[in-house]
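In what follows, chains carry the letters A, B, and so on, assigned in the order in which the sequence lines appear, proteins first and then strands, with residues in each chain numbered from 1. As the structure is a computational prediction, the values presented were derived from the model and not from experiment.
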2 protein chains.
Amino acid sequence: MANSLNLSIDRSSPIPLYHQVVQGIENLIHDGTLVPGSKLENEIDLAAALNLSRPTMRKAMDELVRAGLLVRKRGVGTQVVASQVRRPLELSSLFDDLSARGSKPTTDVLTFSHIDADAVICEKLALPAGAKVYHFTRLRKVDGKPLALMENWVRDDVTAIEETSLADQGLYAILRNAGVNFRLAQQRIGAMVANSYQAPLLDTVPGSALVTMERTAVDDTGRMVETGRHVYRADQYSFEMTLVQR
Amino acid sequence: MANSLNLSIDRSSPIPLYHQVVQGIENLIHDGTLVPGSKLENEIDLAAALNLSRPTMRKAMDELVRAGLLVRKRGVGTQVVASQVRRPLELSSLFDDLSARGSKPTTDVLTFSHIDADAVICEKLALPAGAKVYHFTRLRKVDGKPLALMENWVRDDVTAIEETSLADQGLYAILRNAGVNFRLAQQRIGAMVANSYQAPLLDTVPGSALVTMERTAVDDTGRMVETGRHVYRADQYSFEMTLVQR
DNA sequence: GCAATTAGTTTGTCCTGACAATAGGATGAT
DNA sequence: ATCATCCTATTGTCAGGACAAACTAATTGC
């Protein structure tokens, strides 16, 4: 069972060795070479087989354990988790997620303004009173059918935002292009029933179930760049994630 | 700004050094000694100040970065994230969460049976056809008010479950006591509107919003031990989490 | 004055080596 | 046969060193 993984490591590549191992094992699990429940060789031998040091091998396996693909037990070994693992939902935008799945998301910009932030928004973005922010609401459709109604506030000292660019691409893509490196986000997921404003926009009826998501995103300098409140049609969207015990 | 952290490391303690550092810095952030946005000393000096090696210091900081408390940038340094940090919601049970918050959760066991798993459950728990499982539905109340309606299936080869013990403690506590070490869970969060069965149990009206959660938990041997479908009153519960970019 | 180069700081990656802790099976004694 | 003990395999923790890459700021050259 414990066959040495058939991986190729490119030491001249700019991408870190441990990350190459992560991707390699991920692929082996995805294409079925590593079947769920099977045991891996011990990390010492694996490292030797790939001409890597043990810490590097360990770092790769750590990532996979955190991602929920592997399970380790001291004195026993490492196993492939028996589950059809979905992407552990990292910090990404809805637009990117949908695009990656092959759907074609479109965006209608419903409102767009550059305004003084009210007290609540100043609080959420840790801005001084009187700061200005971009505020806009968008309707996200996929294959022509409405999926999400999104309201966002973005601090205006990171980049200028044009209404037209919001129609073309996701908010996160715009901010990334402007040099913003997102690091983490605080998120809250709940539920509500559609009101008479939301229902027609989402092509549903008042009283139908909606998933709500509030998020505030922080960049690599510790600034809170963006906060927003989104609602999704519950029959077309839900949040999947993998929780890992530490 | 860059004052050496005032931490005490106990080398004789059984808890790992890096974890002591994690807890120490967590406490400093919580009690306000390390204010949001402030810069930490560089890892080399910090390690030296605590008489630790750099890898150990780094491992501690890695954890804190993953937990969303710190933000690092090459060539620049490490900062405390400017956010009112909530617990990143790990793999824990509702019962434990509520208890930790000081609430007093109670449980009504509505149904309890030991049955043949149907095809869907066998699929979810990766069990062979014809395997038996425990199936039960519970109503979780806090301070006497209903909060969640929970339906669960547990494979029966991990431990025997008594209906009476479910009323006293959380499911995860029972399984942990039986020697089950949970490692990860796949989770999906969505929304629905209360139907005529759920509404009276949750002390609300049909048509009100509910948060739905489906979860399958895996233990350290890779077995899928438990799967369940829970619904929560949307006005009393939501899921909070911190997403970290890797 | 302004841009390009350079130097210094800090985190990122990778290596080697060592010992500890745990799980599980093998072994031995009762 | 059953229980306790030992042994082995494997992961967990920790140290110390080396170089690379990215960012900042100062210096230099024009």
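The CG atom of B/L46 sits 12 Å away from the C1' atom of C/dT10 (whole-angstrom rounding). In this structure, CD of B/E43 is placed 11 Å from P of C/dT13, rounded to the nearest angstrom. Across the protein-nucleic acid pair, A/L70 atom CG and D/dG12 atom C1' stand 16 Å apart, rounded to whole Å. Across the protein-nucleic acid pair, B/K59 atom NZ and D/dA15 atom P stand 12 Å apart, rounded to whole Å. The distance from atom CG of B/N42 to atom P of C/dG12 is 12 Å, rounded to the nearest whole Å. Rounded to whole Å, the distance from CG on A/L50 to P on C/dC14 is 13 Å. For B/D62 and D/dT13, the CG to P distance is 13 Å, given to the nearest whole Å. Distance, B/I44 CD1 to C/dG8 C1': 14 Å, rounded to whole Å.
Using a 4.0 Å cut-off, no side-chain N or O of B/Y18 falls inside it from OP1 or OP2 of D/dC14. Distances shorter than 4.0 Å separate some side-chain N or O of A/R58 from OP1 or OP2 on D/dG12. Residue B/R72 has a polar side-chain atom (N or O) positioned under 4.0 Å from OP1 or OP2 of C/dG12.
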Any protein N or O atoms within reach of nucleotides 15-18 of chain C? Criterion: under 3.5 Å, listing atom names and distances.
from: C/dC15; atom 1: OP1; to: A/R11; atom 2: NH2; distance (Å): 2.5
from: C/dC15; atom 1: OP2; to: A/S53; atom 2: N; distance (Å): 3.1
from: C/dC15; atom 1: OP2; to: A/S53; atom 2: OG; distance (Å): 3.0
from: C/dC15; atom 1: OP2; to: A/T56; atom 2: OG1; distance (Å): 2.7
from: C/dA18; atom 1: N6; to: A/R54; atom 2: NH1; distance (Å): 3.4

Kindly give the atom pairs (protein nitrogen or oxygen, nucleotide nitrogen or oxygen) under 3.5 Å for nucleotides 22-27 of chain D.
none

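Judged by distance alone, the side chains of A/R140 and A/T107 do bring a donor and an acceptor atom under 3.5 Å apart. Side chains of B/H114 and B/D156: a donor on one and an acceptor on the other come within 3.5 Å.
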> Could you walk me through whether A/L28 and A/L7 pass the side-chain contact (heavy atoms from CB on, under 4.5 Å) check?
Replying inline: CA-CA 9 Å; A/L28 291 179; A/L7 291 181; 3.8 Å; yes
>> With side-chain contact (heavy atoms from CB on, under 4.5 Å) as the criterion, how do A/D168 and A/I174 come out once you've worked through the C-alpha distance, each side chain's angles and the decisive distance to 0.1 Å?
In response: CA-CA 10 Å; A/D168 294 339; A/I174 294 175; over 6 Å; no
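The shortest side-chain heavy-atom distance between A/K132 and A/L127 does not fall under the 4.5 Å cut-off.
If you find the closest nucleotide of DNA chain C to B/M61 and to A/P16, the one lying nearer the 5' end belongs to B/M61.
Under the 4.0 Å criterion applied to side-chain N and carboxylate O atoms, B/E63 and A/R66 are assigned as salt-bridge partners. A salt bridge is absent between A/R155 and A/E226: the closest approach of a Lys/Arg side-chain nitrogen to an acidic carboxylate oxygen does not fall below 4.0 angstrom. At a threshold of 4.0 Å, the pair B/R138-B/E151 does not count as salt-bridged, since none of the basic side-chain nitrogens sits closer than that to a carboxylate oxygen. The pair A/R229-A/E214 meets the salt-bridge criterion, since a charged nitrogen lies less than 4.0 angstrom from a carboxylate oxygen.
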